[in-house]
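Below, each value reflects all heavy atoms present in this structure, side chains not excepted, and no hydrogens, waters or symmetry copies. FYI, the numbering just counts along the sequence from 1. Both ligands and their constituent atoms are indexed starting at 1 by order of listing.
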Amino acid sequence: MKLESLEIPEVKLLFPKKFEDERGFFSETYNQDVFAKAGITQGFVQDNHSLSKTAGVLRGLHFQREPFSQDKLVRVLRGRILDVAVDIRPNSPTLGKSVIAEINADDWNQIFVPRGFAHGFLTLAPDTEVVYKVSRPYTPSAEQTILWNDPDLAIDWPMDESRLVLSAKDANAMSFKDYLKMV
Ligand SMILES: Cc1cn([C@H]2C[C@H](O)[C@@H](COP(=O)(O)OP(=O)(O)O[C@H]3O[C@H](C)C(=O)[C@H](O)[C@H]3O)O2)c(=O)[nH]c1=O
């Protein structure tokens, strides 16, 4: 499996092998030993799957407070996303910095977003299906959302706000400044 580090090394891009033949393809999309060799030793306890019907669906920026924070291993079954991981670790030298990568079915790539990061994505195609493993279970009481277009984070989303589809929760999320007051 090919592995690439991004501007924040804890966030990793992975390219599992895809064996193609006249029938189609086979791919081990997760293998504990192979991923451990890539430095991903977290166990995963839950698989998630979301469908976004149009391009312009923006989900995020989400995280779960400690001790419920989740590592996430994200891939795209169909379509394309711009995936964003924001470093929200209070003592990190890259606090507030984002890593952005396109994850899509054609490239068959995955992104590993460790705990300590807020996560979100913007769909770039209709009928985009995202599946991802998480290392701790969903804990609604611990779920938090930081505003997708927070001025201090200054994430360069490549789509005009008027075209975005957001949940009410995400549209009314807290600012990064308010998050910093929490920690
Ligand atoms: C996350 C989650 C949600 N749900 C239920 C709760 C809601 O009734 C419904 C939709 O949840 P939500 O609007 O939070 O879904 P997304 O906006 O796709 O949230 C996800 O999007 C960003 C990109 C993430 O990184 C998180 O994993 C996750 O928060 O599914 C569950 O039952 N289990 C779960 O693990």
Side-chain angles (χ1 to χ4, degrees), residues 6 8 10-14 29-30 35 40 42-89 92 94-105 107 109-150 153 155-159 161 163-176 178-179 182-183:
L6 294 162
I8 301 176
E10 296 91 325
V11 183
K12 301 177 187 304
L13 267 191
L14 306 121
T29 52
Y30 174 70
F35 278 64
I40 297 169
Q42 291 79 350
F44 295 102
V45 297
Q46 179 178 312
D47 278 352
N48 295 333
H49 185 160
S50 70
L51 163 70
S52 298
K53 290 185 278 188
T54 63
V57 172
L58 195 154
R59 300 171 183 256
L61 302 160
H62 300 163
F63 66 98
Q64 292 192 164
R65 280 198 317 278
E66 292 301 357
F68 306 103
S69 57
Q70 298 169 314
D71 306 278
K72 296 173 184 172
L73 185 60
V74 184
R75 67 190 182 97
V76 172
L77 282 186
R78 181 174 52 163
R80 299 166 53 213
I81 63 170
L82 200 75
D83 199 277
V84 176
V86 181
D87 190 345
I88 60 171
R89 299 169 295 180
S92 168
T94 51
L95 173 64
K97 299 282 181 256
S98 304
V99 170
I100 299 180
E102 180 171 334
I103 308 297
N104 64 63
D107 292 342
N109 55 353
Q110 303 186 15
I111 187 166
F112 174 70
V113 179
R115 63 187 69 166
F117 285 74
H119 178 241
F121 63 77
L122 169 69
T123 58
L124 303 175
D127 296 324
T128 288
E129 294 196 63
V130 180
V131 291
Y132 50 107
K133 293 181 172 305
V134 292
S135 61
R136 287 201 182 114
Y138 176 55
T139 311
S141 59
E143 240 206 341
Q144 301 284 328
T145 304
I146 296 174
L147 196 60
W148 63 278
N149 61 349
D150 182 276
L153 299 180
I155 296 167
D156 184 17
W157 298 100
M159 200 169 282
E161 183 169 354
R163 290 182 54 208
L164 293 182
V165 180
L166 289 154
S167 67
K169 174 181 75 171
D170 291 352
N172 299 297
M174 68 177 150
S175 67
F176 188 55
D178 285 344
Y179 162 73
M182 269 175 53
V183 293

Colleague: Of the protein's non-hydrogen atoms, which lies at the shortest distance from atom 33 (N) of ligand 1, and what is that distance?
Modeller: Tyr138 CD2, 3.2 Å

Colleague: Just to verify, which of Arg65, Arg136, Lys169 counts as forming a salt bridge (charged side-chain N to carboxylate O under 4.0 Å, His left out) with Glu143?
Modeller: Lys169

Colleague: Do any non-hydrogen protein atoms sit less than 4.0 Å from atom 2 (C) of ligand 1?
Modeller: yes

Colleague: Identify, with sequence neighbours excluded, every residue that meets side chain to side chain contact (heavy atoms under 4.5 Å, CB included) alongside Leu164.
Modeller: Leu58, Leu122, Trp148, Met159

Colleague: Looking at atom 11 (O) of ligand 1, tell me if a protein heavy atom falls under 4.0 Å from it.
Modeller: no

Colleague: Ignoring hydrogens and angles, tell me if any N or O in the side chain of Arg80 forms a donor-acceptor pair with the backbone of Glu102 under 3.5 Å.
Modeller: no

Colleague: Minimum distance, heavy atoms only, to atom 23 (C) of ligand 1: which one of Gln70, Lys72, His119, His49 is it?
Modeller: His119

Colleague: I need the nearest protein heavy-atom contact for atom 35 (O) of ligand 1: residue, atom name and distance, please.
Modeller: Gln46 NE2, 3.0 Å

Colleague: For Asp170 and ligand 1, does the shortest N/O to N/O distance drop below 3.5 Å?
Modeller: no

Colleague: Among all protein heavy atoms, pick the one closest to atom 14 (O) of ligand 1 and tell me residue, atom and distance.
Modeller: Lys169 NZ, 2.6 Å

Colleague: Heavy-atom pairs closer than 4.0 Å: do any link ligand 1 to the side chain of His62, the backbone, both, or neither?
Modeller: side chain

Colleague: Which protein heavy atom lies closest to atom 15 (O) of ligand 1, and at what distance to 0.1 Å?
Modeller: Arg59 NH1, 4.0 Å

Colleague: Will you find, in the side chains of Thr94 and Ser92, an N or O donor that is under 3.5 Å from an N or O acceptor?
Modeller: yes

Colleague: Check ring pair (Phe, Tyr, Trp, His ring centres under 6.0 Å) between Phe112 and all other residues, then give those that pass, not counting sequence neighbours.
Modeller: none

Colleague: Under 4.0 Å and counting heavy atoms only, is there anything from the protein next to atom 27 (O) of ligand 1?
Modeller: yes

Colleague: Assess the pair Phe35 and Phe44: is the distance between their ring centroids shorter than 6.0 Å?
Modeller: no

Colleague: Is there a heavy atom of Phe63 sitting under 4.0 angstrom from any atom of ligand 1?
Modeller: no

Colleague: Given side chains that start at C-beta, do those of Tyr179 and Gln144 come closer than 4.5 Å, heavy atoms only?
Modeller: no

